[in-house]
Trainee: 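Below is one structure. I have some questions about it.
Every chain is numbered from 1, with letters handed out A, B, ... down the list of sequences.
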Number of protein chains: 2
Amino acid sequence: MARTEEQNEKIRDATRTSIKNAALDKFSMKGLYATRIQDIAESAGIAQGLLYHYYPSKEAIYVDLIDDGLEKIIEASLCLRDMDGTAKEKIDFALKSILQTIQISSNFAQNSRFITQAVNSTAIPPEVQKVLDEKRDIPYQIIAEILAAGQEEGSVVDGDPRTLSTLFWANINGLSAYFTTWKNPGELPDYRLISSMFFRRE
Amino acid sequence: MARTEEQNEKIRDATRTSIKNAALDKFSMKGLYATRIQDIAESAGIAQGLLYHYYPSKEAIYVDLIDDGLEKIIEASLCLRDMDGTAKEKIDFALKSILQTIQISSNFAQNSRFITQAVNSTAIPPEVQKVLDEKRDIPYQIIAEILAAGQEEGSVVDGDPRTLSTLFWANINGLSAYFTTWKNPGELPDYRLISSMFFRRE
DNA sequence: TTATATATTGAATCTATATTCAATATATAA
DNA sequence: TTATATATTGAATATAGATTCAATATATAA
């Protein structure tokens, strides 16, 4: 007999992972339509043909990655919501960690860049649009919840919590975009500056 | 004899303008590589072939439009810098007018979306990259100047003016992106919330 | 060792679309 | 009217690159 199913699965998992990593690298830098299937295959260290044993098309890889990307942000948001502490502690923690992550690792910024590109194009495949429609709003809702709780506590400024949440994410996305798309981006602002928008003065 | 040179020029100007308008519409929504030359021609109401009497390639239209787009922002920034008033008045005026424009007309947001896409892709033609390298930084410098003057006046908070300027544009870009890429985006935040980041409390 | 299942290869095909070009339409100066 | 310059058309061409597929490599159970 040949390899066991378990062994084949391990091989396929490894190959699938390198395809996904390679594809995220390329898509996040060049977008769906400027990325060549050959780019991805080469970067993953496999032949073009093999890619089609894992995904039926270039678009299918994209859909998969968009879903992953949104899930990551949702997961992090939920984790923030469910942690102990006041609204101020949560927002400050979020800002501090995100700004730090942007500078230290490329993960957050890469993911953010990838999603930004998808969101900015109406040419994305309908399946991608569907995932975006279902999931993109969730992190906005979660931050709005946290801010609403802060208004109850009396710490957060007045105003529609959802609008404040929009402002929160606009800052994150704006800074992240700035940071990834610039040669030498300089420093990021202190998190307290951003935080000060959302909270009353003592 | 046939038409005068002046008359031909008028015809060509009109055609060129509709090509540029159509191309900006398409590029800003779908990006360079997902936009088909046929899309642009159709939307401009001309035949594909004619496009090549005005531009040597799809990329050339793109370069032209990127330059226009950056020039518009630079022009507005310079105008702000040179107006009378304190730093606070200028920044407040800028925030107020931009937020209003985002909601009222599509011009600013369309331009912003277009530039965001270009900036987020390393697949853009080298000529576009060149224009971006030359011009993208200027609005950041101008806002930094204004904020530095505000620090002299004592109204603007401490910190590297260029970093504050980054934060200013991150807010503008983040909100603009939010607003154009959402079906029913809801309200934009009050400009004073953003402004409060940059100025000391009375 | 060997048989076998499946992971992998890369050249061949097929298609979409950017670009070219020969022919046509148009408008006005004479 | 007519001659003419040039704006315009759209079908033909060329090509890049997505997808397919027949052949090969690999690894292990027997």
Trainee: Centroid separation under 6.0 Å, is that true for the rings of B:Y191 and B:F93?
Mentor: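 Not close enough - the centres of the two rings lie 6.0 Å or further apart.
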
Trainee: Is B:R192 salt-bridged to B:D190, going by a charged N under 4.0 Å from an acidic O?
Mentor: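 A salt bridge links B:R192 with B:D190.
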
Trainee: Whole angstroms only, please: what is the NZ-C1' distance between A:K10 and C:dT8?
Mentor: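 In whole Å, C:dT8 C1' lies 20 Å from A:K10 NZ.
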
Trainee: Send over the distance from B:Q7 CD to C:dA25 P, rounded to a whole Å.
Mentor: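 My rounded result for the distance is 21 Å.
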
Trainee: Applying the Watson-Crick and G-U wobble criteria at under 3.5 Å, what pairs with D:dA27? Answer none if nothing qualifies.
Mentor: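 Base-paired to C:dT4.
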
Trainee: Do A:R3 and D:dT26 share a donor-acceptor pair, side chain to base, under 3.5 Å?
Mentor: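 Yes.
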
Trainee: Heavy-atom nearest nucleotide on DNA chain D for A:H53 versus A:T35: which residue maps closer to 5'?
Mentor: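 That would be A:T35.
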
Trainee: Indicate yes or no for a side-chain donor-acceptor contact from A:T181 to the backbone of A:A177 under 3.5 Å, with no hydrogens or angles considered.
Mentor: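 Side chain of A:T181 to backbone of A:A177, a donor-acceptor pair under 3.5 Å: yes, one is there.
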
Trainee: So what's D:dT9 paired with, Watson-Crick or G-U wobble, going by both distances under 3.5 Å?
Mentor: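 With both distances under 3.5 Å, D:dT9 matches C:dA22.
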
Trainee: Return the value, rounded to whole Å, for the distance between atom CD of A:E6 and atom C1' of C:dA5.
Mentor: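 Those two atoms, CD and C1', are 16 Å apart.
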
Trainee: Whole Å only: how far is the CD atom of A:E5 from the P atom of C:dT4?
Mentor: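 Result: 19 Å.
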
Trainee: Which nucleotide sits closest to the side chain of A:A47: C:dG10, C:dA29, D:dT8?
Mentor: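 The nucleotide sitting nearest to the side chain is C:dG10.
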
Trainee: How do B:T4 and B:Y33 order along DNA chain C: which one's closest nucleotide is nearer the 5' end?
Mentor: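 Closest to the 5' end, via its nearest nucleotide, is B:Y33.
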
Trainee: A:K58 has an atom NZ; how far is it from atom P of D:dT20, in whole Å?
Mentor: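 Whole-Å distance recorded here is 14 Å.
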
Trainee: Tell me whether the side-chain N/O atoms of B:N8 come closer than 4.0 Å to OP1 or OP2 in D:dT6.
Mentor: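 For D:dT6, neither OP1 nor OP2 has a side-chain N or O of B:N8 closer than 4.0 Å.
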
Trainee: Which nucleotide, if any, forms a Watson-Crick or G-U wobble pair with C:dT17, using both distances under 3.5 Å?
Mentor: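 Paired with C:dT17, as far as the under-3.5 Å criterion goes, is D:dA14.
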
Trainee: Write down the distance between CD1 (B:I11) and P (D:dA5), rounded to a whole number of angstrom.
Mentor: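 From B:I11 CD1 to D:dA5 P: 16 Å.
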
Trainee: Considering only C:dA7, C:dT9, C:dT19, which nucleotide approaches the side chain of A:I46 most closely?
Mentor: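 The answer is C:dT9.
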
Trainee: Could you give the CD-to-P distance, from A:E42 to C:dT9, as a whole number of Å?
Mentor: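 Result: 13 Å.
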
Trainee: Under 4.0 Å between a side-chain N or O of A:T15 and OP1 or OP2 of C:dT8?
Mentor: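 For C:dT8, OP1 or OP2 has a side-chain N or O of A:T15 closer than 4.0 Å.
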
Trainee: What nucleotide, of D:dA7, D:dA18, C:dA29, holds the atom closest to the side chain of B:R12?
Mentor: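 Looking only at side-chain atoms, B:R12 lies closest to D:dA7.
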
Trainee: Answer yes when B:E5 and B:R12 have at least one side-chain N-carboxylate O distance shorter than 4.0 Å, and no when they do not.
Mentor: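 A salt bridge is present here (some side-chain N lies under 4.0 Å from a carboxylate O).
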
Trainee: By the 4.0 Å heavy-atom rule, please label B:Y54 as base, sugar-phosphate, or nothing.
Mentor: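 B:Y54: backbone/sugar contact only, no base atoms under 4.0 Å.
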
Trainee: Given A:E134 and A:K130, is the salt bridge (Lys or Arg N to Asp or Glu O under 4.0 Å) satisfied, shown in steps?
Mentor: CA-CA 6 Å; A:E134 282 166 15; A:K130 185 158 166 283; 3.5 Å; yes

Trainee: Can you measure B:Y52 atom OH to C:dC21 atom P for me and round it to whole angstrom units?
Mentor: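 Computing the B:Y52:OH to C:dC21:P distance gives 13 Å.
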
Trainee: Show the nearest heavy-atom pair for residues A:Y52 and A:S57, with the distance to one decimal.
Mentor: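 Minimum heavy-atom separation between A:Y52 and A:S57: CE2-CA, 4.2 Å.
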
Trainee: Given C:dA18, is OP1 or OP2 found less than 4.0 Å from the side-chain N or O atoms of B:R36?
Mentor: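 B:R36 to C:dA18 OP1/OP2: side-chain N or O found under 4.0 Å.
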
